[in-house]
Number of protein chains: 2
Amino acid sequence: MKEIEKTLENKSVRPTAMRILIYKYMAEKEIAVALTDIENAFAKADRTTLYRTLKTFEEKGIVHQIDDGTNISKYALCEPGCNCEIEQDLHLHFHCNNCDETVCLTEHKIPQVNLPDGYVAEDANLVIKGICEKCSGR
Amino acid sequence: MKEIEKTLENKSVRPTAMRILIYKYMAEKEIAVALTDIENAFAKADRTTLYRTLKTFEEKGIVHQIDDGTNISKYALCEPGCNCEIEQDLHLHFHCNNCDETVCLTEHKIPQVNLPDGYVAEDANLVIKGICEKCSGR
DNA sequence: TTAAACCGTGCAACGGAAGTGCATTTATCG
DNA sequence: CGATAAATGCACTTCCGTTGCACGGTTTAA
Ligand SMILES: [Mn+2]
Ligand SMILES: [Mn+2]
Ligand SMILES: [Zn+2]
Ligand SMILES: [Zn+2]
């Protein structure tokens, strides 16, 4: 728990009770979470607080936002080495068509693509949809 | 104009006046369009009609839906050879951070990626964000 | 040819999710 | 302690996508 407090402080985010709980919640999940997920997990807390917590976490590089094509923003903790406050950590994401869960594949970077003349890339998002490890039964 | 009628009929979509107009509108645009764009272009038509027209077009493989990360669904006509009713035509899309326009890069296919064991890919979406040809000035 | 069935269109309303303004509580610091 | 700033809570809004239902024209079959 003191761990989390330090992590937050290192990112210059004040470690309030709520923030620590949210961080803990996300750390225990291995999948990306939506605002609604957190809302359900912490029924007593107000949605706005959770919303702004995620925004703060995102600004400070604690979590990154994930667009998995569901039109519902997901969030996941950044890996220790990640510095996506500065530049996007271009790993890909996988969305399961069966269980509807989204995971970071942090080891799998988005391949470089050649663009037509005049196009300048600044960011990229690659989402693979299919059947996840759990659902495929391997 | 007769061209469009035939195109629609070939895809087993009845060529109503509205549908022909929408098709024409999309054919003239070189960029992906949102429902709101069409709505603005055809102020007299009802939003629902336009919405359902796009859905019909999509089901029949006349257009494909594009998720460019803006959380606003875009649509673009399918290329002549495209058969994305059956399998996804995996070209990438480019979204300009400056003019906010999204284009299909139909010549640029999404590169194959290796997934961890147990993961099965069924579909993929790759969006590059940056500065487009028009906005970069060459 | 005429009635029935079907399909396209329009109107109204709903729902989820993101976002904002402002009051209130809680923490920080002199 | 009081002053100040930050965090939280509540209410409300907006935007987009979506659906139900009714009306009217078109196709189809008796
Ligand atoms: Mn990720
Ligand atoms: Mn496209
Ligand atoms: Zn799954
Ligand atoms: Zn541009």
Side-chain angles (χ1 to χ4, degrees), chain A residues 4-25 32-60 62-76 95 100-102 125, chain B residues 4-5 7-9 11-25 32-60 62-76 95 100-102 125:
Chain A
I4 297 179
E5 284 192 39
K6 284 214 180 93
T7 306
L8 295 182
E9 276 167 355
N10 287 343
K11 299 280 188 173
S12 43
V13 169
R14 286 226 282 257
T16 68
M18 200 64 243
R19 286 168 173 173
I20 293 173
L21 284 175
I22 294 177
Y23 189 99
K24 193 155 168 286
Y25 173 78
V33 299
L35 174 58
T36 307
D37 297 329
I38 303 180
E39 208 182 339
N40 293 335
F42 301 98
K44 358 185 82 174
D46 186 78
R47 216 188 72 252
T48 313
T49 303
L50 307 175
Y51 170 76
R52 288 201 252 244
T53 299
L54 284 175
K55 284 294 165 200
T56 302
F57 280 9
E58 191 190 357
E59 280 164 19
K60 298 305 174 66
I62 296 170
V63 305
H64 60 280
Q65 190 174 15
I66 301 165
D67 168 26
D68 61 6
T70 61
N71 274 353
I72 299 172
S73 286
K74 306 284 169 59
Y75 298 85
H95 178 78
D100 209 49
E101 290 182 351
T102 298
N125 184 34
Chain B
I4 297 179
E5 284 191 39
T7 306
L8 295 181
E9 276 167 354
K11 299 279 188 173
S12 43
V13 169
R14 284 225 284 255
T16 67
M18 200 65 242
R19 285 168 174 174
I20 293 174
L21 285 174
I22 294 176
Y23 189 101
K24 192 154 168 285
Y25 172 77
V33 301
L35 174 57
T36 307
D37 297 329
I38 303 180
E39 208 181 341
N40 293 335
F42 301 98
K44 358 184 83 175
D46 187 78
R47 191 182 153 65
T48 313
T49 303
L50 307 176
Y51 169 75
R52 288 199 253 242
T53 298
L54 284 175
K55 284 293 166 200
T56 302
F57 280 9
E58 191 190 357
E59 280 164 17
K60 297 306 173 65
I62 296 171
V63 306
H64 60 279
Q65 190 174 16
I66 301 166
D67 168 27
D68 61 5
T70 61
N71 276 352
I72 298 173
S73 286
K74 306 284 168 58
Y75 298 85
H95 177 77
D100 209 50
E101 290 183 350
T102 299
N125 183 35

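In the text below, chain A, chain B and the rest are named by the order of the sequence lines, each starting its count at 1.
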Query raised in the report: In whole angstrom, what separates D46(B)'s CG from dC16(D)'s P?
Result: 16 Å
Query raised in the report: In whole angstroms, how far is the P atom of dT18(D) from the CD1 atom of I72(A)?
Result: 12 Å
Query - Partners passing side chain to side chain contact (heavy atoms under 4.5 Å, CB included) against D100(B) (at least two apart in sequence or in another chain) - result: H95(B)
Query raised in the report: How long is the line joining CG of L54(A) and P of dG19(C), in whole Å?
Result: 11 Å
Report summary line: Whole-Å distance, L50(A) CG to dG19(C) P, equals 15 Å
Requested in this report: Kindly write out the residues that satisfy side chain to side chain donor-acceptor pair (under 3.5 Å) with S73(A), not counting sequence neighbours, or none if the list is empty.
Outcome: Q65(A)
Report summary line: Hits for side chain to side chain contact (heavy atoms under 4.5 Å, CB included) against T16(A), two or more places apart or cross-chain, chain-then-number order -> M18(A), R19(A)
Requested in this report: Would you indicate what K44(A) reaches in the nucleic acid, counting non-hydrogen atoms under 4.0 angstrom: base, sugar-phosphate, or nothing?
Outcome: nothing
**Report entry** Those residues that, when tested against H64(B), pass ring pair (Phe, Tyr, Trp, His ring centres under 6.0 Å) (two or more places apart)
**Finding:** H91(B), H93(B)
Requested in this report: Using the test side chain to side chain donor-acceptor pair (under 3.5 Å), find all partners of N71(A) that sit at least two apart in sequence or belong to another chain.
Outcome: none
Report task. Return the set of residues passing salt bridge (charged side-chain N to carboxylate O under 4.0 Å, His left out) with R47(B) (not counting sequence neighbours), or none when no residue passes. Result -> E39(B)
Query raised in the report: With sequence neighbours left out, what residues match Y25(B) under ring pair (Phe, Tyr, Trp, His ring centres under 6.0 Å)?
Result: F42(B)
Query raised in the report: Does the N40(B) side chain pair with the main chain of D37(B), one donor and one acceptor, at a distance under 3.5 Å?
Result: no
Query raised in the report: Does a nitrogen or oxygen in the side chain of K55(B) sit under 4.0 Å from OP1 or OP2 of dT18(D)?
Result: yes
**Report entry** Residue pairs involving residues 62-73 of chain A (criterion salt bridge (Lys or Arg N to Asp or Glu O under 4.0 Å); sequence neighbours excluded)
**Finding:** D68(A)-K74(A)
Query - K55(B) and Y75(B), any side-chain heavy atoms less than 4.5 Å apart - result: yes
Report task. Please report, rounded to the nearest Å, how far the P atom of dA27(C) is from the CD atom of E5(A). Result -> 13 Å
Report task. Mind calculating the distance between CG (N40(B)) and P (dC15(D)) to the nearest angstrom? Result -> 12 Å
Report summary line: From CD of E39(A) across to P of dG15(C) the rounded distance in Å is 16 Å
Query raised in the report: Who pairs with T7(A) by side chain to side chain donor-acceptor pair (under 3.5 Å), at least two apart in sequence or on another chain?
Result: none
Between protein and nucleotides 3-7 of chain D, what N or O pairs are separated by less than 3.5 Å?
{"residue": "dA6(D)", "atom": "O4'", "partner": "R14(A)", "partner atom": "NH2", "Å": "3.3"}
{"residue": "dA6(D)", "atom": "O3'", "partner": "R14(A)", "partner atom": "NH2", "Å": "3.1"}
{"residue": "dA7(D)", "atom": "OP1", "partner": "R19(A)", "partner atom": "NH1", "Å": "2.9"}
{"residue": "dA7(D)", "atom": "OP1", "partner": "R19(A)", "partner atom": "NH2", "Å": "3.3"}

Query raised in the report: Quick one: bend of the helix from dT1(C)-dA30(D) to dG30(C)-dC1(D) from 5 pairs per end, to 10°?
Result: 20°
Query raised in the report: Given atom NZ of K74(A) and atom P of dA18(C), what is their separation to the nearest angstrom?
Result: 10 Å
Requested in this report: Any chance you could list the contact pattern along nucleotides 20-26 of chain C? Use B for base contacts, S for sugar-phosphate-only contacts and - for none, protein heavy atoms under 4.0 Å, 5' to 3'.
Outcome: BBB----
